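Notes for the one structure printed next.
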Amino acid sequence: MCAAATQEGAEETRLSKAVRPLVDSHPGLSGIFPLREGRDAFAARALLADAAERTLDLQYYIWHDDMSGTLLFRAARRAADRGVRVRLLLDDNNSTGLDATIATLSAHPKIEVRLFNPFFHRRWRLIDYFADFSRLNRRMHNKSFIADGQVTIIGGRNVGDEYFEAAHDVLFVDLDVLAVGPVVADVSLDFDRYWKSGSACPAETVLAPVSDASRAEVTAAASRAEGEKAAEEYSRAVAASPFVRDLLARELNFDWAITRMVSDDPAKGLGRAPEKEHLWGRLTRILDAPKTELQLISPYFVPGAQGIETFAALARDGVKITVLTNSLEATDVVAVHAGYAKRRKPLLECGVTLFEMKRASPVPSGKDRGLTGSSGSSLHAKTFSVDRARVFIGSFNFDPRSAKLNTELGFVIDSPALAQAMTEAFAGPVLARAYEVRLAGSGSLEWVERTSEGETVHRKEPGVSPGRLLAVRVLSWLPIEWLL
């Protein structure tokens with residue numbers, strides 16, 4: 001068990017002065033602003049880091065050491081230099097190559113870094129997988145960003161160029177929300193719960209000490225990256241965003257709604273959380289069963305046999321169910337698609353409408369996708385709406401891994417406006433950017449592509465090679481669904 005930091009007393013900050021009048025005029029409600037565009041999502045984080053005066057609490061599954069990751073590391077470092085207490089909680093599964101950067105940050109007197117379910121063999125991680133698979137197979141998939149305990153950002157985005165529209169060869173279609181009001185205190189308490197958990201270990205107890213020369217090189221490399229032409233151009237594009245102007249002018253049009261945070265007990269990361277307290281169980285209790293309509297967006301959609309039964313029962317009761325997930329050409333994890341693909345016919349037979357996101361652009365030449373490599377574009381948002389009245393937005397994928405293995409975080413928002421926006425997306429943009437999967441008269445699958453020129457019907461999965469199709473078929477035979 002790792003020692004926990006104590007929470008500092010509340011102080012007045014610029015953010016609290018800006019937020020309080022809004023919150024006071026909407027008692028009991030939280031203000032929600034969707035961050036649909038990647039550059040807006042980056043800008044919100046960067047501006048909040050620069051505005052923080054007291055605390056900055058950051059919790060992420062992935063934090064890439066690329067342009068946007070470096071820029072946000074630098075923003076956190078600037079905050080610490082101003083005296084802001086910065087706490088960074090990272091899942092250790094994707095931190096390969098970041099040890100020197102993490103150690104350098106952790107050496108700052110105002111920055112603490114903890115690693116969730118860390119690998120103790122830093123160079124040969126496979127050793128730990130063989131020795132401690134049960135623990136290391138459980139990851140912290142949560143994503144949250146909290147400034148001064150006044151404003152938070154949660155949702156599907158990790159930190160990296162592909163999430164913030166800064167990458168040229170890959171783009172994730174994603175969704176976060178920026179929130180103010182009572183739900184922020186809930187996210188802050190949840191962060192403390194994870195920070196104090198038995199899975200969160202101080203970085204200095206895991207990483208080798210970093211030399212002064214290495215720290216200097218990490219700092220110099222970050223300065224060089226910040227000054228590169230691509231970073232400067234991206235920063236200018238972000239600064240020109242209408243969202244940035246509205247945020248700075250305090251003119252964001254918040255949707256004020258009852259908002260409940262749901263999250264897993266961090267003990268799930270050690271396999272010690274009661275199943276009845278898992279996020280999915282709590283989420284279904286809050287939402288209740290849909291009465292008329294369920295619209296679900298999940299990049300990794302593996303309903304399993306139990307999910308099929310649930311959908312079939314809802315459909316028999318007259319509930320209209322629509323699902324959007326990644327097509328095989330767009331997915332970045334073929335094994336997960338294999339778990340979904342074998343469930344498509346039963347889903348369609350029980351009345352579910354299926355859409356699969358297209359790849360938006362071709363993979364650059366010389367790029368080998370392999371079985372889990374990047375495609376040109378991939379759906380990454382995780383959200384669903386119930387009865388056009390309530391919406392879930394968070395990190396939870398509709399798959400066994402999110403339900404049983406990883407920890408997750410999200411909001412249930414009682415907002416007909418957000419639910420209506422999702423309905424409108426399915427009526428317009430989704431149809432233009434996705435295939436509709438249907439059952440043909442013969443009982444086989446067909447993919448309907450709609451463009452301005454009309455409909456094209458594909459009799460086999462579009463945009464993929466025979467080898468990729470074979471890989472899906474083979475993977476679908478393996479007993480690995482519980483891992484997906």
Side-chain angles (χ1 to χ4, degrees), residues 32-38 40-46 48-49 56-66 68-69 71-73 75-76 86-95 98 113-117 138-147 151-166 172-179 183-184 186-195 197 199-200 259 261-264 266 268-269 279 283 297-300 332 378-383 391-399 401-402 405-413:
I32 303 295
F33 187 90
L35 297 170
R36 297 183 177 92
E37 304 298 325
D40 291 347
F42 175 87
R45 289 164 170 83
L48 287 175
L56 202 57
D57 291 334
L58 317 175
Q59 179 183 20
Y60 283 96
Y61 173 61
I62 295 173
W63 194 307
H64 288 317
D65 192 20
D66 53 14
S68 60
L71 291 175
L72 287 178
F73 273 141
V86 178
R87 293 187 294 175
L88 176 60
L89 178 57
L90 288 177
D91 185 90
D92 198 35
N93 195 47
N94 296 282
S95 66
L98 280 176
V113 183
R114 294 190 177 184
L115 300 174
F116 192 92
N117 272 355
R138 297 175 176 273
R139 307 313 318 177
M140 182 190 74
H141 197 235
N142 312 39
K143 304 108 164 70
S144 68
F145 189 112
I146 315 162
V151 186
T152 188
I153 300 170
I154 69 97
R157 286 185 178 94
N158 295 296
V159 174
D161 288 353
E162 61 268 41
Y163 303 97
F164 298 130
E165 297 178 24
F172 282 154
V173 178
D174 221 325
L175 179 65
D176 294 326
V177 291
L178 182 149
V183 78
V184 180
D186 296 334
V187 180
S188 293
L189 289 172
D190 197 62
F191 179 93
D192 283 337
R193 186 168 66 140
Y194 274 79
W195 186 258
S197 73
S199 292
T259 303
M261 185 208 74
V262 287
S263 73
D264 277 305
K268 187 180 178 186
L279 179 145
L283 189 58
I297 297 175
S298 180
Y300 312 119
D332 62 337
S378 182
L379 177 71
H380 197 256
K382 307 106 172 24
T383 181
V391 174
F392 170 82
I393 297 174
S395 67
F396 183 90
N397 292 305
F398 201 96
D399 61 18
R401 175 161 289 279
S402 282
L405 296 174
N406 292 348
T407 68
E408 307 287 354
L409 168 70
F411 287 166
V412 176
I413 308 165

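What you see is a predicted model; the values in this text were computed from it and never measured.
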Apply the side-chain contact (heavy atoms from CB on, under 4.5 Å) test between Phe73 and each candidate in Leu58, Leu88, Val159; give the one that qualifies. Leu88

Passing candidate, side-chain contact (heavy atoms from CB on, under 4.5 Å) with Phe411, options Val187, Val262, Asp186: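 The residue from Val187, Val262, Asp186 that satisfies side-chain contact (heavy atoms from CB on, under 4.5 Å) with Phe411 turns out to be Val187.
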
Has [X] got a side-chain atom pairing as donor or acceptor with [Y]'s backbone, closer than 3.5 angstrom?
{"X": "Thr152", "Y": "Phe145", "value": "yes"}
{"X": "Thr383", "Y": "Phe392", "value": "yes"}
{"X": "Ser188", "Y": "Val184", "value": "yes"}
{"X": "Ser395", "Y": "Gly156", "value": "no"}
{"X": "Ser263", "Y": "Leu409", "value": "no"}

Do Arg114 and Leu90 pass the side-chain contact (heavy atoms from CB on, under 4.5 Å) test, and can you show the C-alpha distance, the side-chain angles, and the key distance before you say yes or no? CA-CA 6 Å; Arg114 294 190 177 184; Leu90 288 177; over 6 Å; no

Which residues satisfy the salt bridge (Lys or Arg N to Asp or Glu O under 4.0 Å) test with Arg139, sequence neighbours excluded? Asp91

With a 4.5 Å cut-off on side-chain heavy atoms, are [Y] and [X] touching?
{"X": "Gln59", "Y": "Lys143", "result": "no"}
{"X": "Met140", "Y": "Asp264", "result": "no"}
{"X": "Ile146", "Y": "Val151", "result": "no"}

Closest approach of [X] and [Y], non-hydrogen atoms and distance?
{"X": "Ala44", "Y": "Ile153", "value": "CB-CD1, 3.7 Å"}
{"X": "Phe42", "Y": "Ser68", "value": "CE1-O, 3.7 Å"}
{"X": "Thr407", "Y": "Gly269", "value": "CG2-N, 3.9 Å"}
{"X": "Leu56", "Y": "Ala76", "value": "CD2-CA, 4.3 Å"}
{"X": "Ala381", "Y": "Pro299", "value": "O-CD, 3.0 Å"}
{"X": "Ser298", "Y": "Phe398", "value": "OG-N, 3.0 Å"}

Using side-chain hydrogen bond (donor to acceptor under 3.5 Å, both in side chains) as the criterion, list what pairs up with Asp176, not counting sequence neighbours. Arg45, Arg157

Derivation and outcome, side-chain contact (heavy atoms from CB on, under 4.5 Å), residues Leu72 and Trp63: CA-CA 9 Å; Leu72 287 178; Trp63 194 307; 3.6 Å; yes

Are [X] and [Y] linked by a side-chain donor-acceptor pair shorter than 3.5 Å?
{"X": "Tyr60", "Y": "Asn158", "value": "no"}
{"X": "Asn117", "Y": "Ser199", "value": "yes"}
{"X": "Asn406", "Y": "His141", "value": "no"}

From Leu178 CG over to Ile32 CD1, what is the distance, rounded to the nearest 0.5 angstrom?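 So the CG of Leu178 and the CD1 of Ile32 are separated by 8.5 Å.
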
Would you give the length of the straight line joining atom NZ of Lys382 to atom CZ of Phe396, rounded to the nearest 0.5 angstrom?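 The distance works out to 10.5 Å.
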
So, Arg87 and Asp192, do they make that salt bridge, N to O below 4.0 Å? yes

Going by the angle between their ring planes, with limits at 30° and 60°, are His380 and Tyr300 parallel, tilted or perpendicular?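 The rings of His380 and Tyr300 stand perpendicular, inter-plane angle above 60°.
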
Are Ile297 and Leu379 close enough, and set up right, to give a side-chain contact (heavy atoms from CB on, under 4.5 Å), and what steps lead you there? CA-CA 9 Å; Ile297 297 175; Leu379 177 71; 3.8 Å; yes

Tell me, with the steps shown, if Asn93 and Tyr61 meet side-chain contact (heavy atoms from CB on, under 4.5 Å). CA-CA 8 Å; Asn93 195 47; Tyr61 173 61; 3.6 Å; yes

